[in-house]
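Worksheet: one structure, shown below.
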Amino acid sequence: MPTSTPDALRDVSVIIVGAGFSGLGLGIQLRRRGETSFVILERADDVGGSWRDNTYPGVACDVPSPLYSYSFRTNPDWSRMFSPGQEIWDYLRAAAREEGLGPHLRFGAEMLEARWNENDHRWTVRTPQGEFYGDVLVAATGHLTDIKLPEVPGLETFTGELFHSARWNHDFPLAGKRIGVVGTGASAIQIVPQLAEIADQLVVFQRSAPYIQPRRDRVFSEAEKNLFRRDQRTVEEMREMLFWYNDSRFAARRLIDDYLAEASWQALSHLDKQVSDPELRAKLTPDYTIGCKRILLSDDYYPAIQRPNVHLEAAALERVEGSTAFSAVGEAFELDVLVVATGFETYDLPSSYRIFGRGGNALADHWSNGMQAYKSIATAGFPNLFLLNGPGTSLGHNSVIYMIEAQIDHLLAALDWRSAHDGRVLEVSSDIENAFAKRLDEGAAETVIIRGGCSSWYLDPRNGRATLSWPDFAHRFRDECAPFDPAAYDHGEQSAARA
Ligand SMILES: Cc1cc2nc3c(=O)[nH]c(=O)nc-3n(C[C@H](O)[C@H](O)[C@H](O)COP(=O)(O)OP(=O)(O)OC[C@H]3O[C@@H](n4cnc5c(N)ncnc54)[C@H](O)[C@@H]3O)c2cc1C
């Protein structure tokens, strides 16, 4: 697109980057408050974030749908407890449309660079559609969004079809093929049962066995949905119940013995019930404390692994030569397709290399010892920058949407404060940021994420810090991080008035 395209929203109060649950949630709240001076820049051609990009067979949420949705847009129509990805994507598209976000969305507008301007105290965001200017920049760019390929020698020379689980090639026919799946994380265990049904042979490369608990999925009957539609309180009660049940599960992550034993028992008895072969069961038994990696939910993964056309290779994929994939224990497999389900860039976010604050410093440099932010939302040297679903927000036991909404509340209060104070710039000091980061590091040190004896995507391998995770009950995040305290921020300068 030429940079000269006229755009009423080129110069705004708030620039939001990213149109997933975070960016759309904030956009909806701004619209509902009658704000019009904001733009949402999205690099893709549609809204949805994770739910637009992950279209692999079997994709679904693993936090119950009544809870895995906005509290301010509950949905009585979820088809089941753990709704398929397409339904969640449709929910987000409908939310964007019905809440009037259309005029605020700019697609194909990747943030290539965002720069704080010391003269007018505003942000400039460069995109393929030209520059956008804003008083406030909100990075809602996600942390499970940029795919990560494993460093496997020869992978790029694989002669068959190769794709990442979050970039599924629906044009390639998989039926009757010899397929390898790399990884046994949350995506892989949803994919494997689906591919097992259609593959000639399926090899699953497992570097480390996951803990899997029963899923207990079920459809919502028409009677239930009618009740949800008629009486909003029934949806809210269900959300409430699911939230507190999930939040109680954090006790196990705190290594409290009884809760830990209960969580392990749920997983290991599930394995015992579903897998009778002791040799296979041994391969599927994790060698670290439960909760160190994400606890997975599935009723059909273990049965799929036992199908005659499926082989569990209890070793990582080590190298690829032509159409042959070699495991770390030297087994060779001839494959037509390799599905890489190895997750995302989580601790060293690509977007942080594109955001430049005071003195032209890159956020990635500021974070060279690990991501951190005051109340998970604001960071020193980056005035009027707010992060949604960034450092210190990830959960293994409850809904991320809850975290995002708490952050939106903080942000809306910050915007109100700015409006009431002549648009003054908000910035935290390094001391305030470091103190909050220290509190999170100390909290994480008491959790299974640090002490559970595994390596996971929650950890920054550069320093062993659990920079992505909120190391506490989710409700404590709201208590601590949703309130906005202007005293925590320096606020001397004012953004120059818009032209
Ligand atoms: C398969 C899968 C299943 C999941 N299931 C659950 C679940 O059950 N429960 C749960 O709590 N969480 C789950 N999650 C986590 C999920 O990511 C969050 O719940 C939530 O969707 C995050 O929303 P977001 O808007 O913060 O980020 P995203 O959904 O990642 O959206 C970020 C958006 O920013 C855009 N973007 C990134 N960089 C740029 C740029 N430079 N310029 C412009 N646009 C950019 C991206 O294209 C994307 O649209 C799951 C994640 C995955 C991948």
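Both ligands and their constituent atoms are indexed starting at 1 by order of listing. Not measured: the values here are computed from a predicted model.
Within ligand 1, the atoms closer than 4.0 Å to a non-hydrogen atom of Ser399 are 11 (O), numbered from 1 in the order shown. Every atom of ligand 1 with a heavy atom of Cys61 under 4.0 Å away is listed here by number and element: 8 (O). Counting atoms of ligand 1 from 1 in the listed order, those under 4.0 Å from a heavy atom of Gly49 are 28 (P), 29 (O), 31 (O), 48 (C), 49 (O). Close approach to Glu110 involves these atoms of ligand 1, each under 4.0 Å from a residue heavy atom: 41 (N), 42 (N), 43 (C).
Residue-level proximity to ligand 1 for His143 is absent, since no heavy atom of it falls below 4.0 angstrom. By the criterion of a heavy-atom distance under 4.0 Å, neither the backbone nor the side chain of Ala44 is placed next to ligand 1. With a 4.0 Å heavy-atom cut-off, ligand 1 is reached by the side chain of Val17 but not by its N, CA, C or O. Contacts between Asn389 and ligand 1 below 4.0 angstrom, taking non-hydrogen atoms only, involve the side chain exclusively.
No N or O atom of Gly23 sits closer than 3.5 Å to an N or O atom of ligand 1. Some N or O of Arg52 is nearer than 3.5 Å to an N or O of ligand 1, by distance alone. Note: an N/O pair closer than 3.5 Å links Ser22 and ligand 1 by distance alone. The N/O atoms of Phe21, backbone and side chain alike, include one that comes under 3.5 Å of an N/O atom in ligand 1.
Protein heavy atom nearest atom 1 (C) of ligand 1, with residue, atom name and distance: Tyr56 OH, 3.6 Å. The nearest protein atom to atom 11 (O) of ligand 1, hydrogens excluded, is given as Val400 N, 2.8 Å; this is a heavy-atom distance. Closest to atom 27 (O) of ligand 1 among all protein heavy atoms lies Gly142 CA, 3.3 Å. Looking at atom 36 (N) of ligand 1, its nearest protein heavy atom turns out to be Arg43 NE, 3.7 Å. In this structure, atom 14 (N) of ligand 1 lies nearest to the protein heavy atom Tyr68 OH, 4.0 Å. Among protein heavy atoms, the minimum distance from atom 53 (C) of ligand 1 is reached at Asn54 ND2, 3.5 Å. The nearest heavy-atom contact from the protein to atom 48 (C) of ligand 1 is Glu42 OE1, 3.5 Å. Nearest protein heavy-atom neighbour of atom 41 (N) of ligand 1: Met111 O, 3.3 Å.
Here the shortest heavy-atom distance to atom 32 (C) of ligand 1, taken over Ala140, Gly18, Ala341, belongs to Ala140.
Closest approach of Gly27 and Ile16 over heavy atoms only: N-CD1, 4.1 Å.
Proximity of Trp51 to ligand 1 is established by a heavy-atom distance of less than 4.0 Å. Look at Arg354 and you'll find a heavy atom under 4.0 Å from some atom of ligand 1. Between Asp62 and ligand 1 there is a heavy-atom distance shorter than 4.0 Å. Taking a 4.0 Å cut-off on heavy atoms, Ser351 fails to register as neighbouring ligand 1.
Counting non-hydrogen atoms of other residues, nucleotides and ligands closer than 6.0 Å to OH of Tyr259 gives a total of 12 or fewer. Other residues, nucleotides and ligands place more than 12 heavy atoms under 6.0 Å from the CZ atom of Arg294.
Cation-pi geometry between Arg93 and Trp89 is met: the NZ or CZ atom falls under 6.0 Å from the ring centre, inside 45° of the normal. The cationic group of Arg215 lies under 6.0 Å from the six-membered ring centre of Phe82 and within 45° of the ring axis, placing it in a cation-pi geometry.
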Requested in this report: Decide yes or no on side chain to side chain donor-acceptor pair (under 3.5 Å) for Ser50 and Asn54, but give the supporting numbers first.
Outcome: CA-CA 6 Å; Ser50 295; Asn54 288 270; 4.9 Å; no
Report task. Show your working on side chain to side chain donor-acceptor pair (under 3.5 Å) between Thr379 and Gln372 and close with a plain yes or no. Result -> CA-CA 7 Å; Thr379 188; Gln372 58 179 45; over 6 Å; no
Report task. Would you please test Phe172 and Phe163 for ring pair (Phe, Tyr, Trp, His ring centres under 6.0 Å) and show each step? Result -> CA-CA 10 Å; Phe172 189 83; Phe163 51 85; 7.3 Å; no
Query raised in the report: What's the verdict on ring pair (Phe, Tyr, Trp, His ring centres under 6.0 Å) for Trp51 and Tyr68, showing C-alpha distance, side-chain angles and the deciding distance?
Result: CA-CA 12 Å; Trp51 303 101; Tyr68 190 67; 5.7 Å; yes
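A distance of 7.0 Å separates CD1 of Ile290 from CG of Leu268, quoted to the nearest 0.5 Å. Note that CZ of Phe436 is 10.5 Å distant from CD1 of Ile377, once rounded to the nearest 0.5 Å. In this structure, the separation between CZ on Phe220 and OG on Ser79 is 8.5 Å, given to the nearest 0.5 Å. Taking CZ of Arg476 as the start and CZ of Phe250 as the end, the distance is 9.0 Å to the nearest 0.5 Å.
In this structure, Arg462 contributes its side chain and Asn369 its backbone to no donor-acceptor pair below 3.5 Å. Formation of a donor-acceptor pair under 3.5 Å by the His270 side chain with backbone atoms of Ser298 is found in this model.
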